[in-house]
Each structure stands twice: as C-alpha cells, then as structure tokens.
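Order of the sequence lines sets the chain letters (A, B, ...), proteins ahead of strands, with each chain counted from 1.
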Number of protein chains: 2
Amino acid sequence: MSSKGDSCTECFKKSQCLAEKILLSGKSYLGGEIINNIIYRPGDYIYRQGEVCKHLFVIKTGAVKSQIGSIDGIDQIIGFHFSTEVLGFDGLDCNKYVSSVIVLENSIVCAFPRQLVEMFCAVSPDFQRDLIARLSREITHEHQFLMLINKNTAEQRVALFLLDLSIRLGGREVVKIDIILCMSRADIANYLGLVPETISRILSRFELKGVIAVRKKKLKIINMKMLNEYSHRHCCYEIA
Amino acid sequence: MSSKGDSCTECFKKSQCLAEKILLSGKSYLGGEIINNIIYRPGDYIYRQGEVCKHLFVIKTGAVKSQIGSIDGIDQIIGFHFSTEVLGFDGLDCNKYVSSVIVLENSIVCAFPRQLVEMFCAVSPDFQRDLIARLSREITHEHQFLMLINKNTAEQRVALFLLDLSIRLGGREVVKIDIILCMSRADIANYLGLVPETISRILSRFELKGVIAVRKKKLKIINMKMLNEYSHRHCCYEIA
DNA sequence: CGCTACTTTGATAGGACTCAAGGGCTGTGG
DNA sequence: CCACAGCCCTTGAGTCCTATCAAAGTAGCG
C-alpha cells in the first residue's frame with residue numbers, strides 16, 4: 001500500500017465525475033482519507049463478500065472479476081472490470097459487500113471512504129445526481145446482460161462477450177483488435193453460464209472460420225464483421 | 001386518473017421510507033405534485049421504454065411486469081412487481097426509461113415527480129441514503145436473478161419462481177400458499193429464459209408429484225418442503 | 001355459438017453438458 | 001539442464017435437457 005502519487009487527477013478524469021470532484025477539493029476530510037495507488041497481485045481480494053463496506057474503489061489500472069458465492073458453494077462471476085471502473089456499489093445497501101472482487105492481473109486501485117462519498121452527496125447535488133445515475137446505469141447494464149444470457153446461444157454469448165471486451169479495453173480507440181484474455185476459460189464460462197469446454201470449442205470454431213486468431217491468452221479479432229454476425233440472433237423474419 | 005384519497009399514508013408506510021417522508025411534509029412542492037391513485041387496467045402501460053423519465057411510481061395495489069425490447073424485436077421480461085414496490089429507477093441515468101412497464105391486473109399507482117425525489121435527496125441525507133440503498137438493493141437483486149438463470153435447470157427455475165412469488169405475495173404472512181398467477185405462461189417462460197411449453201410441462205409434473213395444485217391461473221402449494229427440494233441443486237457431493 | 005388466444009400434451013431434434021483422454025505450458029527440484 | 005507434477009486448455013464421444021414443431025383441448029368474449 002503506497003500512497004505517493006498525484007497522477008490521480010489524470011486517472012480520475014477518466015473515471016469521471018465521481019472521484020474527480022472529491023479530489024479537486026483536496027484530499028483529507030471528515031470520514032477518512034483517500035488511499036491512493038494500492039497495488040494488488042493476481043489472486044488478491046479487493047474485498048470479500050460479507051465484509052463491512054467501508055470503501056468504494058476505483059481501478060486505476062488492471063483487471064478484476066467480481067463474483068457471488070451461493071449457499072450451495074457454487075460461485076457465479078457477475079462481471080469483469082477494468083481501468084476507470086468503480087467497485088463496491090453493492091455494499092451501499094446493507095453495509096456489507098454482497099460480492100467478492102478478485103484481482104486478475106497486477107492492478108493499481110484507489111479507495112474512497114464510503115462516508116466521504118456520502119458526505120459529498122449531501123453537499124453537492126450534482127455529485128449526488130451523478131452517483132444515482134451510476135447506480136441506475138449499473139441496473140441497466142445488469143438487464144442487458146440478463147438478456148444476453150436468457151435469449152442467446154452459446155455461440156452468440158461468446159461473440160458478444162468478445163465484442164464487449166474489445167470495446168471496453170479499447171478505451172479511446174473505437175475498438176481494440178488485439179485482446180489479452182486476463183481471465184481463464186473457466187471464468188468466461190462461469191460468467192456466460194456455460195462450461196469451459198464449450199468456450200474452448202467455440203473459440204476454436206471461430207478461429208477455423210477466420211473470425212479470430214487465438215493462442216492461449218492472446219486473442220486477435222480478424223474479421224469484426226463476421227464476429228458481429230455471429231453475435232446476432234438469426235431471425236428468419238424481418239423485424240420492425 | 002383520480003386524485004382523491006388519503007389512504008396514502010397507509011400505503012406508503014408499506015412501501016416504506018421513500019414515499020412516506022415526502023408525504024409526511026405535505027403534498028405540493030416545487031417540481032410538481034404527487035398524483036395519487038391512478039387506476040390502470042390490464043394491458044395499460046405505466047411507462048414506455050424511451051419515454052422521458054418524469055416520475056417514479058409506487059404500486060399501491062395490483063401487479064405489473066417490466067420488460068425491455070431489443071433491437072431484434074424480442075422482448076425480455078425483467079421482473080414482476082406487486083404492491084408497495086417502486087418503479088422507474090432505470091430512468092434515473094439517461095432521463096429516459098430503458099424498460100416498459102405493463103399492467104397485468106387492475107392496479108392503483110401513485111406517481112412522484114422525479115424532481116421532487118431529487119429535491120428531497122438534497123434536503124434529507126436520510127432520504128438520500130435510503131434511495132441509494134434501494135438502488136443498491138436492486139443491483140443485488142439482479143445479481144441473484146442472474147444466478148438463478150445461469151446455474152439452474154428449468155425445473156429449479158420454476159420452483160424458485162413459485163417460492164419467490166409465494167413470499168412476495170404473502171406480505172405479512174410468512175408464505176402464501178394460494179397464488180393467483182396474474183401473468184401468462186408465456187410471460188413466466190420469457191422471464192425464466194424458457195418456452196411456454198416447458199412451463200406447462202413442469203407445472204403438470206409438479207402437480208403429478210403432489211407438490212402443487214394448479215388450474216389455469218390458480219395455484220396452490222401443497223407440499224412446500226418438496227417444492228423447496230425441487231428448487232435446490234442436486235449435489236452429489238457434500239458442500240462445505 | 002364460433003372465434004381467438006392461451007394452455008396442454010406428444011414426438012422429434014439439436015445444442016450444450018458430462019465424462020474421458022490427451023497436449024501444452026509453468027514452476028519446482030533434483 | 002532436464003524430469004516431472006500440476007494446472008489449464010483442447011478435443012472427442014455419448015447423453016440429457018430443453019426447444020421446436022404439431023395438434024388438440026379449454027376458456028373468454030363478442
């Protein structure tokens with residue numbers, strides 16, 4: 001846990017509004033201090049399901065997965081998160097995190113005391129509106145994902161997953177053609193509601209058809225148009 | 001649209017905090033007025049996907065479904081909602097609702113101007129915290145549902161669906177053994193990521209085994225214990 | 001009473017899982 | 001430096017669950 005930098009301003013601009021505004025007015029407040037540049041290694045937990053929610057986290061660089069463990073011992077991965085994303089919203093309800101966040105590759109993270117965030121909400125209507133919008137967006141995202149799972153074949157899910165990844169890792173670029181799969185096949189499978197074998201088979205099939213090239217964790221999208229087609233439902237009728 | 005009553009206090013107590021506090025301080029504010037006791041009939045829309053989000057809604061009595069239409073014309077039902085529940089959170093991000101809400105049975109609904117809600121947030125930290133908790137809970141709920149869909153068989157999904165309904169419709173009672181299925185088999189199927197035929201088959205099977213009795217829209221849970229068992233994953237190994 | 005929409009039931013087919021075996025990379029230790 | 005274990009990934013064969021297709025039954029409604 002080092003707390004040195006001030007590249008924060010840069011980082012927070014990317015993660016927009018939420019952190020930026022806190023930061024712009026200094027660093028130390030009632031309710032705790034912002035902890036900058038915490039370094040995590042693959043396998044580390046940022047927080048665990050059931051822990052008291054004391055912070056929200058912003059990923060500066062890196063990649064993590066969030067997952068929920070059920071009573072019958074089966075975990076469900078509910079998302080992968082990359083730079084600029086905010087973690088910990090799920091702890092705002094009952095004061096306890098309802099998911100765990102596990103680091104996938106070396107990552108740098110900043111922690112914002114929860115009380116600080118809430119204090120800022122009370123002070124700044126803009127900030128408050130912003131936080132609410134973020135939460136609302138999260139809900140919308142879950143709904144989108146639900147549709148993905150509920151109405152698509154394995155092939156479509158994998159295609160959509162790759163497209164989503166390429167956009168989110170692309171950052172400023174429109175799309176990122178080269179992707180490093182920081183998560184295992186088993187993680188992808190778990191996330192998409194499939195088994196690892198199916199992921200493997202579908203990636204192989206995509207490669208065979210010339211849609212992608214994949215070797216271990218490196219993946220390159222060769223034919224974006226085809227990948228897009230694989231991600232769509234094959235309707236036999238025209239749609240309004 | 002009638003605006004007569006004052007049984008509101010009662011209703012809002014049930015839906016807790018959110019509306020109650022607004023109401024307790026009178027009825028008219030900057031930003032618009034609360035509209036009480038709007039009456040809807042089956043098939044009516046409370047709001048439509050894409051509409052500007054001007055209100056949050058509280059269901060006083062009745063039942064509704066919320067759904068999202070995708071570009072390829074296929075709708076996905078994302079939830080069923082009953083008395084005391086709040087609708088419209090998904091409109092808080094982009095100012096437009098991203099789902100539609102359709103009424104399933106005669107319902108009475110109250111509408112709260114969005115600006116009013118936001119104003120109240122700014123004034124009352126408690127209220128704000130409450131709204132954020134509600135949103136956070138919504139996210140958690142989506143995660144739970146995702147697990148249901150992602151990791152369970154059709155039989156388990158239906159069993160879990162019935163258990164959920166019995167609890168939510170039960171209100172103060174621990175469980176409600178008699179359930180009126182206000183939604184069609186097709187709606188249930190859509191929600192659970194299945195086809196209507198499968199729902200029908202599974203309900204028949206449950207009836208055959210003496211778990212439930214079902215005739216059209218009336219459903220009675222005969223053997224709660226068995227239904228619970230059907231809802232669990234059948235592990236072949238013991239779990240920690 | 002007949003129309004329509006919804007539901008039920010049956011037969012069939014296909015997609016994804018399960019089980020099983022083999023291959024490749026990584027790290028450790030001799 | 002090489003051998004080996006462990007983990008992850010890949011590939012194949014077979015099975016099961018659920019969707020699909022088809023048809024008949026039922027209820028609601030004008």
Side-chain angles (χ1 to χ4, degrees), chain A residues 41-43 65 74 76-77 102 104-105 148-162 179-209 212-219 230 233-237, chain B residues 41-43 65 74-77 102 104-106 148-161 180-209 212-219 230 233-237:
Chain A
R41 306 267 166 225
K65 63 176 174 181
I74 297 175
Q76 164 74 53
I77 295 177
I102 301 170
L104 293 170
E105 61 180 35
L148 190 159
I149 294 300
N150 232 346
K151 297 269 180 283
N152 291 299
T153 64
E155 204 169 66
Q156 290 164 347
R157 293 184 213 182
V158 175
L160 285 163
F161 175 74
L162 293 179
I179 298 174
I180 304 287
L181 297 172
C182 52
M183 67 296 281
S184 69
R185 305 285 192 269
D187 281 345
I188 300 174
N190 181 307
Y191 179 59
L192 296 177
L194 302 167
V195 292
E197 292 96 321
T198 303
I199 303 296
S200 188
R201 265 184 256 273
I202 288 173
L203 288 181
S204 300
R205 201 185 309 160
F206 281 170
E207 184 158 37
L208 197 71
K209 304 252 183 176
I212 60 172
V214 57
R215 231 188 63 219
K216 284 277 139 199
K217 302 211 158 300
K218 293 189 175 190
L219 188 146
Y230 274 112
R233 214 178 320 288
H234 310 301
C235 293
C236 20
Y237 53 89
Chain B
R41 306 267 166 223
K65 63 177 174 181
I74 297 174
D75 289 330
Q76 164 73 53
I77 294 177
I102 301 171
L104 293 170
E105 61 179 36
N106 291 336
L148 189 159
I149 294 300
N150 232 347
K151 296 269 180 285
N152 291 297
T153 65
E155 204 168 66
Q156 290 163 347
R157 292 184 213 183
V158 175
L160 285 163
F161 175 73
I180 303 289
L181 296 172
C182 52
M183 66 295 281
S184 70
R185 305 285 193 269
D187 281 345
I188 300 173
N190 181 307
Y191 178 58
L192 296 177
L194 302 166
V195 291
E197 291 96 321
T198 302
I199 304 295
S200 188
R201 265 185 257 273
I202 289 173
L203 288 181
S204 299
R205 200 185 310 160
F206 280 170
E207 185 157 35
L208 196 71
K209 304 252 184 176
I212 60 171
V214 57
R215 232 188 62 220
K216 283 278 141 196
K217 301 210 157 300
K218 292 190 175 187
L219 188 148
Y230 274 112
R233 214 177 321 286
H234 310 302
C235 294
C236 22
Y237 53 89

- What is the distance from CG of A:Asn150 to P of C:dA16, rounded to the nearest Å? 14 Å
- Item | Minimum heavy-atom distance between B:Val158 and B:Ile199, given as atom pair plus value | CG2-CD1, 4.0 Å
- Message: What is the separation between atom CZ on A:Arg205 and atom P on D:dT11, rounded to the nearest whole Å?
- Response: 12 Å
- Task: Would you check if A:Leu192 and A:Leu148 make a side-chain contact, meaning some heavy-atom pair closer than 4.5 Å?
- Result: yes
- Measure the distance from CZ on A:Phe206 to P on D:dT10 and round it to the nearest whole Å. 14 Å
- Between CG of A:Leu181 and C1' of D:dC8 the distance, given in whole Å, is 13 Å
- Atom-pair distance (CD1 on B:Ile202; C1' on D:dT18), nearest Å: 9 Å
- Task: Using atom CG of B:Leu219 as one end and atom P of C:dT8 as the other, report the distance to the nearest whole Å.
- Result: 11 Å
- Here the distance between atom P of C:dA5 and atom CG of B:Asp187, to the nearest Å, is 16 Å
- Message: Please tell me if A:Lys217 has a side-chain N or O lying less than 4.0 Å from either OP1 or OP2 of D:dC9.
- Response: yes
- Message: Please evaluate residues B:Leu203 and B:Arg185 with respect to the criterion side-chain contact (heavy atoms from CB on, under 4.5 Å), reporting the C-alpha separation (whole Å), side-chain torsions for both, the decisive distance (0.1 Å), and the verdict.
- Response: CA-CA 10 Å; B:Leu203 288 181; B:Arg185 305 285 193 269; 3.7 Å; yes
- Quick one: closest heavy-atom pair of B:Pro42 and B:Asn106, and the distance? CD-OD1, 3.2 Å
- Message: For B:Asp187 and B:Ser184: C-alpha separation, side-chain torsions, deciding distance, then whether side-chain contact (heavy atoms from CB on, under 4.5 Å) applies.
- Response: CA-CA 5 Å; B:Asp187 281 345; B:Ser184 70; 3.5 Å; yes
- Item | Minimum heavy-atom distance between A:Tyr191 and A:Gln76, given as atom pair plus value | O-NE2, 3.8 Å
- Enter the inter-axis angle for the ends of the helix from C:dC1-D:dG30 to C:dG30-D:dC1 (five pairs per end, rounded to 10°). 30°
- Query: Is there a residue in residues 192-200 of chain A whose heavy atoms reach under 4.0 Å of DNA chain D, and which residues are they?
  - Reply: A:Glu197, A:Ser200
- Nearest whole angstrom, please: distance from the C1' of D:dC8 to the CG of A:Asn190. 16 Å
- Message: Both A:Lys216 and A:Arg157 contact DNA chain C. Which one's nearest nucleotide lies toward the 5' end?
- Response: A:Arg157
- Item | Closest non-hydrogen atom pair between A:Ala189 and A:Val195, with its separation | CB-C, 3.4 Å
- Message: Determine whether a donor-acceptor pair (one donor, one acceptor, N or O, separation below 3.5 Å) exists between the side chain of B:Arg201 and the base of C:dG10.
- Response: yes
- Item | Closest non-hydrogen atom pair, B:Tyr230 against B:Gln156 | O-CG, 3.3 Å
- Query: Where do A:Ile202 and A:Glu155 come nearest, in terms of heavy atoms and distance?
  - Reply: CD1-N, 3.6 Å
